[in-house]
Amino acid sequence: MTTTENHTSNARLEAFNEKLAGKNWSGQWEAEKYLMASIGGPQPAGVPHRWGWAETKEALDEATDVLGTVDTARRHLTCVNPGLKDRGAITTHNLAAGFQLVKSGEICWSHRHSPGALRFVTQGHPEAYTAVDGEKLVMEDFDLLLTPRFSWHDHHNPSDKDVYWLDALDVGLLQKLGALFYEPYGEDSQKLRPSTSEWVGTRSHWLRPTWEEERTTRLPLRYAWSDVRERLALYGNEVGSPYDGLALRYANPVTGGPTMDTIDCWVQRLVPGFSGKTHRRTSSAVVYVIAGNGTLETDNGTITFQAGDVISLPNWTNFRWTNASASDEVLLFSVHDIPAYQRLGLLYEEPEAIIGATPAPANPTPPLKPLYAQGAFYGKDER
Ligand code: GTQ
C-alpha cells in the first residue's frame, strides 16, 4: 500500500471495510485519518466558554423553589461545556465545575466518592463549614477547601445567611478511566474530631499526632484566603510569568506536591496593564474570576470577563490573558488537571515549557505530505 494508484477505485475497499466492521474488525488504514488529524497536537475537547454570575445566581435561586430544602442531594449547577454536551455534565473533558448554594439551616448529607473535589467559597460565613473525614473546615470568602478522593464530606450552614461556592471535580477523567465509585455515609452528618481541626497547621507542623496514621496526600485541607492574600502581598508588583501572570499554586504542605492527586489549584494575579503571551498546554482548566475585568483571547475567539465569571479553557487551545485596566488588578482562581498529565508524562506546553512540562514535540517541517494524505482511498470521509 505504497501508492494511491492501487486504490483509485475504492468501492471494493469500502465494501471490505464494512465486512470487517460486521465482524468487529477495523483496518488500521481507517485510523490513519485520525492520526493525520493529530499532526501538530491533539484536537481540543470542547470550547472556551464563559458563565456569568448573575445568570448562575438566578438559576440557583430558582432551584431553591423547585427543590425545596436540600436534605438529600446537592443543589449544584454544573457548567456544561457547549462542545461536550454528549459527554454528560462536564466543563472540560476532565473537569466538572459549577456553583452550589446551601441555604441558611441546611445540611447536605455525608457521602464520599472516587472523584476528588474542592470548594472555592464565593460567599461564605464563619459559621458555615464542610466536614471532611472528621475535620471541620470553615467556609469564609475565597477559602479553598479540599475533599480529596474517598474522603467523607457533608456541608453545614447553621448561619443565618445563604452560602455559595464553586465546586470542581475530576469526574470527566474518572469516567474515562472507568474508576467511578460512590458511597453514601448513611447519616446526614459524620462525627467530628473533638479537638480543633486544622490540617494545614497540625499535619504539616513539626509536632504531629502519633496515635493515628500519618497521611501525606489526600489531606482534608482548608487554605484560608487571609493567608493567600498575605502571600500575594509579599510579591509587591511582580509580574510573574509572561504567560499566566503571578500564578501561585496551592501546594500540598506536607509533600510540596500538587493540590490533589490529579488537580492543581492556582491563584493568579494579572497586574494592571498585563498583556500575556500566547500559550497552550495538553491539560485543561476551569477559571473563576475573583476580581477585576479583562480578556482571554483563544483560538475560538475572545472572552471578555468580569468578577464572578467562570471560564472553561480546553486542552491544547491557545490562550492569552490581558488586563487592560491601568489601575485595577485581575485576580483569578483556577483549577487544572495538570498533575494527571504530569504523572502520565503527557504534560506538554507550547511554545515553551514553564511549569515543569515538556516542550511540545516540534511539528514536522516541512509538513509531511504522505501519499495517503492525497485522499483517494479514504472514501466518503476524505480529508
Ligand atoms: O458538594 O459534595 O457537584 O460530592 C458533585 C459531587 C458536589 C458535593 C458535586 C459532590 C458535591
Side-chain angles (χ1 to χ4, degrees), residues 45-46 48-51 53 56 60 73-81 84 87-102 108 111-124 130 132 137 139 141-151 153 155 163-177 179-180 182 217-223 225 228 247-252 258-268 281 283-290 305 308-315 331-341:
H49 191 79
R50 182 188 72 89
W51 292 261
W53 171 241
T56 308
L60 271 177
R74 270 62 170 160
R75 191 189 290 109
H76 156 106
L77 291 182
T78 305
C79 300
V80 179
N81 192 300
L84 297 173
R87 298 202 203 172
I90 49 176
T91 317
T92 74
H93 62 328
N94 289 330
L95 302 170
F99 281 96
Q100 184 163 169
L101 158 59
V102 181
C108 303
H111 69 197
R112 67 176 181 174
H113 37 68
S114 52
L118 60 90
R119 333 273 154 209
F120 187 73
V121 181
T122 55
Q123 198 175 305
T130 289
V132 186
L137 308 182
M139 309 185 101
D141 287 0
F142 306 135
D143 287 351
L144 168 62
L145 318 179
L146 305 186
T147 51
R149 62 180 86 269
F150 285 119
S151 48
H153 52 285
H155 312 308
V163 298
Y164 297 84
W165 64 77
L166 179 80
D167 291 299
L169 305 92
D170 57 358
V171 68
L173 175 67
L174 268 68
Q175 269 165 2
K176 281 194 286 281
L177 294 174
L180 282 179
Y182 174 77
T217 61
R218 299 198 298 106
L219 304 170
L221 295 176
R222 170 182 179 234
Y223 298 89
W225 180 246
V228 175
L248 301 174
R249 68 181 180 90
Y250 290 78
N252 172 321
T259 320
M260 291 197 287
D261 288 342
T262 58
I263 294 176
D264 251 332
C265 296
W266 297 2
V267 61
Q268 261 172 281
R281 50 177 76 100
S283 57
S284 67
V286 179
V287 182
Y288 172 75
V289 183
I290 302 171
F305 62 78
D309 288 350
V310 169
I311 303 168
S312 60
L313 188 48
N315 63 312
L331 265 187
L332 307 170
F333 170 77
S334 52
V335 182
H336 306 255
D337 47 15
I338 285 173
Y341 287 84

**Request:** Report the C-alpha distance between Arg87 and Asn81 in whole Å, list the side-chain angles of each, state the deciding distance to 0.1 Å, and finish with yes or no for side chain to side chain contact (heavy atoms under 4.5 Å, CB included).
**Result:** CA-CA 9 Å; Arg87 298 202 203 172; Asn81 192 300; over 6 Å; no
**Message:** Could you measure the distance from the CZ atom of Phe333 to the CH2 atom of Trp266? Nearest 0.5 Å is fine.
**Reply:** 12.0 Å
**Request:** Among Thr91, Leu95, Ile90, find the one that has a side-chain contact (heavy atoms from CB on, under 4.5 Å) with Val171.
**Result:** Ile90
**Complete:** All heavy atoms of Ser114 vs all of Phe150, minimum pair found to be CB-CZ, 3.7 Å
**Prompt:** Between atom CZ of Arg50 and atom CZ of Phe305, what is the distance when rounded to the nearest 0.5 Å?
**Reply:** 10.5 Å
**Prompt:** Are any of the side-chain heavy atoms of Trp225 and Val121 separated by less than 4.5 Å?
**Reply:** no
**Request:** Name the orientation class of the two ring planes belonging to Phe120 and Phe142 (parallel below 30°, tilted from 30 to 60°, perpendicular beyond 60°).
**Result:** parallel
**Prompt:** So, does Thr262 use its side chain to make a donor-acceptor pair with the main chain of Ala340 at under 3.5 Å?
**Reply:** no
**Request:** Measure the shortest side-chain to side-chain distance between Trp165 and Val163 over non-hydrogen atoms and say whether it is less than 4.5 angstrom.
**Result:** yes
**Message:** Do Pro115 and Leu180 have side chains that approach each other closer than 4.5 Å (heavy atoms only, starting at C-beta)?
**Reply:** yes
**Item:** Nearest-0.5 Å distance that lies between atom NE2 in His155 and atom CZ in Arg75
**Value:** 12.0 Å
**Prompt:** Cut-off 3.5 Å, side chains only: do Arg249 and Thr259 have a donor facing an acceptor?
**Reply:** no
**Item:** Nearest-0.5 Å distance, CG of residue Leu169 to CG of residue Leu174
**Value:** 9.5 Å
**Evaluation steps, side chain to side chain contact (heavy atoms under 4.5 Å, CB included), between Thr92 and Asn315** = CA-CA 8 Å; Thr92 74; Asn315 63 312; over 6 Å; no
**Item:** Contact check, side chains of His93 and Lys176, non-hydrogen atoms, under 4.5 Å
**Value:** yes
**Asked** Judged by modelled atom types alone, do His336 and Ser334 share a side-chain donor-acceptor pair under 3.5 Å?
**Response** yes
**Asked** With respect to Val310, which candidate in Val287, Leu166, Val289 satisfies the side-chain contact (heavy atoms from CB on, under 4.5 Å) definition?
**Response** Leu166
**Prompt:** Closest heavy-atom contact between Leu118 and Cys265?
**Reply:** CD2-SG, 3.3 Å
**Message:** Looking at every heavy atom in both Phe99 and Thr56, which two are closest together, and how far apart are they?
**Reply:** CD1-CG2, 3.5 Å
**Main-chain N/O of Gly116 paired to Asp170 side chain as donor or acceptor, under 3.5 Å** = yes
**Request:** Kindly assign one of parallel, tilted or perpendicular to the pair His153 and His113, based on the angle between their ring planes and the thresholds 30° and 60°.
**Result:** perpendicular
**Asked** Rounded to the nearest 0.5 Å, what separation is found between the OG1 atom of Thr78 and the CD atom of Gln100?
**Response** 10.0 Å
**Item:** Atom of Cys108, atom of Arg74 and distance for their closest heavy-atom approach
**Value:** C-NH1, 3.8 Å
**Item:** From Asn94 atom CG to Asp337 atom CG, the distance as rounded to the nearest 0.5 Å
**Value:** 4.5 Å
**Request:** Give a yes or no answer on whether the side chain of Thr147 reaches the backbone of Ala117 with a donor-acceptor pair at less than 3.5 Å.
**Result:** yes
**Asked** Are the side chains of Ser312 and Trp51 in touch, meaning some heavy atoms are under 4.5 Å apart?
**Response** yes
**Asked** Closest heavy-atom contact between Ser284 and Pro314?
**Response** CB-C, 4.1 Å
**Message:** My understanding is that only one of Val267, Leu145, Asp143, Leu146 makes a side-chain contact (heavy atoms from CB on, under 4.5 Å) with Tyr223; could you say which?
**Reply:** Leu146
**Asked** Closest heavy-atom contact between Ala89 and Ala96?
**Response** O-CB, 3.7 Å
